[in-house]
*Asks:* 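Below: one structure in structure tokens.
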There are 2 protein chains.
Amino acid sequence: MRAGLKRDRVRDFLLDYVADKKPGEAIPSERDLCKELGVSRPTLRAAIDDLVRSGVLVREHGRGTFTGPQRVTQALAATPSGSFYAPPAEGKWLSAILEFGSSPAGPQLTSRLQLAPATPVLRVVRLRVVDDEPMAIERLHLPHELVPGLVPADMETGSFYKVLRERFGVDVRSAVQTIEATVTDETEAELLGVPEHFPALLVERTTRDVNQRIVEFTRSIYRGDRYRVTSELYFDAESG
Amino acid sequence: MRAGLKRDRVRDFLLDYVADKKPGEAIPSERDLCKELGVSRPTLRAAIDDLVRSGVLVREHGRGTFTGPQRVTQALAATPSGSFYAPPAEGKWLSAILEFGSSPAGPQLTSRLQLAPATPVLRVVRLRVVDDEPMAIERLHLPHELVPGLVPADMETGSFYKVLRERFGVDVRSAVQTIEATVTDETEAELLGVPEHFPALLVERTTRDVNQRIVEFTRSIYRGDRYRVTSELYFDAESG
DNA sequence: CGGGTCAACTGGTTAAGACCACTCTAGCGC
DNA sequence: GCGCTAGAGTGGTCTTAACCAGTTGACCCG
């Protein structure tokens, strides 16, 4: 109940429901789910809409609603054996922490993180390295109060999201991400070991936890010759 | 009424309305628009939702709804109004056909389209233009037998997928797409009206119909200053 | 004149219900 | 046995009608 919006609670319920289903399995009909969850159909449909948009569910008119063809977290896999979010389990990833410090949010981050301008924000810049080769530069910003006692070493290896969950009880749930093309500036080129004006992907990501609180805003530069975003799209009958 | 869905008519109305507005200008309040267009607020909001998702409009709680920033944002998930194929400003898109012809598949396309090397393949290069501004270069390849009698004019306006469905009975269903960063070469720069070595997105897409047949392989160059890919992700409990 | 308060906007969420369109299947008629 | 049809079930769309939650500015009081 704490989570606030019914739509979000319904969506989370469906995520849990779908978690141990195989791709293509049917979920209960909308009318049944309404009764079971005690919400109206528009609300239920709004929740399903979210999941359809992100590929978790697939609707088929007249037949039913089914789990999507694959796990969402794998849908945007980057080339080197891992998603944009989860470094590969093989453990070859390392991060060199270039900056680590707290300062007021300032005007930019105020809107990005939806905080008051004076709220302390932890800023971390890290260079992500695989097999001694620099791959990406990540600039993370998170409300400092969320992670009291976090130290740079926590972010050098392993999954940061795991640390968030297990040490700070922050349960990351969703993210909105934009990807655009750019070229490296002088600093970025040097850090990544590529020429200046080299092709690169600029990825901005806003991450939320189960309660829809904004957990982090991250702006990353990925080497254009090492990263590729793959996705699978499904059309409904009317898409042009 | 011909257009069918009210939501779509409302969306088209708003697209026209917004067409000659500067970025950041306000549009009428939702309640006023309801009265003016004779639709209910949920319907009106559904239309606005589409445009917000695709970046045409921006909402601000308590203040109003405004026209979005210049950049065209595309949702990675195929939604009726914001797919990779029918971008937001649907009505205003034009395509200049630069090449249009058939030739044997050759070694490259043999694997891409999964055809025999001698199979005739229709190759189309088109420059996509919005408001007299070049936005992208598309190189399409499709098995010629799929679209007998297709002429260049079929691809200059409107939705190509609609033509496929209604004229040739080819029902596009899914696509696998990869996005990477690149910079324009001399030819591309000239066509797109940008400097050489300008940031751009290279998008490759393999499209299949309902029977899992490969319908097309497309390689496109999108202007980096006009395109941005947006996606929404949900994590399940175990994602790291 | 300054400052706080409140009313009137704005968008945000939810409800309950009606009807349409599509899919599948059981059962009827041949 | 085969083929068609009718109905039940599914998602798709739309309406009316509330109420919640930020934002703004006019107004009143000190």
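Convention: sequence-line order gives letters A, B, ...; per-chain numbering from 1. All values reported here derive from a predicted model rather than from experimental measurement.
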*Asks:* To the nearest Å, give me how far apart NZ (K35(A)) and P (dG17(C)) are.
*Replies:* 13 Å

*Asks:* Can you tell me if K21(B) has over 12 outside heavy atoms packed within less than 6.0 Å of its NZ?
*Replies:* yes

*Asks:* Using atom CD of E30(A) as one end and atom C1' of dA16(C) as the other, report the distance to the nearest whole Å.
*Replies:* 15 Å

*Asks:* Rounded to whole angstrom units, what separation is found between the CZ atom of R45(B) and the P atom of dC14(D)?
*Replies:* 16 Å

*Asks:* Select one nucleotide: of dT14(C), dT15(D), dT13(D), the one nearest the side-chain heavy atoms of K6(A).
*Replies:* dT14(C)

*Asks:* Do NZ/NE/NH1/NH2 and the carboxylate oxygens of E99(A) and R139(A) come within less than 4.0 Å?
*Replies:* no

*Asks:* Can you tell me how far C1' of dT10(C) sits from CG of L44(B), to the nearest Å?
*Replies:* 14 Å

*Asks:* For R219(A), does the CZ atom sit with more than 12 other heavy atoms under 6.0 Å from it, leaving out its own atoms?
*Replies:* no

*Asks:* Got a salt bridge between E133(B) and R223(B), using NZ or NE/NH1/NH2 to carboxylate O under 4.0 Å?
*Replies:* yes

*Asks:* Can you check whether S40(B) has a side-chain N or O nearer than 4.0 Å to OP1 or OP2 of dC14(D)?
*Replies:* no

*Asks:* Checking E138(B) against T218(B): is there a side-chain donor and acceptor pair closer than 3.5 Å?
*Replies:* no

*Asks:* Given atom CD1 of I48(B) and atom C1' of dG12(C), what is their separation to the nearest angstrom?
*Replies:* 12 Å

*Asks:* Could you encode protein contacts along nucleotides 17-26 of chain D as a string, one character per nucleotide from 5' to 3', using B for base contact, S for sugar-phosphate-only contact and - for no contact, with a heavy-atom cut-off of under 4.0 Å?
*Replies:* -BB-BBSS--

*Asks:* Could you check how far CG of L37(B) sits from P of dC14(D), rounded to whole Å?
*Replies:* 13 Å

*Asks:* How close or far is atom P of dG11(D) from atom CG of L14(A), stated in whole angstroms?
*Replies:* 12 Å

*Asks:* Inspect the contact between D12(A) and R9(A) and indicate whether a charged nitrogen and a carboxylate oxygen are less than 4.0 angstrom apart.
*Replies:* no

*Asks:* Take the protein atom CG of L33(B) and the nucleotide atom C1' of dG12(C), then report the distance between them rounded to whole Å.
*Replies:* 16 Å

*Asks:* Is the charged tip of K162(A) near the ring of F160(A): under 6.0 Å from the six-membered ring centre and within 45° of its axis?
*Replies:* no

*Asks:* Think S29(A) has a side-chain N or O under 4.0 angstrom from the OP1 or OP2 of dT10(D)?
*Replies:* yes

*Asks:* Does a side-chain N or O of T43(B) approach OP1 or OP2 of dT15(D) to a distance below 4.0 Å, or not?
*Replies:* yes

*Asks:* Quick one: which of dT15(D), dT10(C), dG11(C) gets closest to the side chain of D32(B)?
*Replies:* dT10(C)

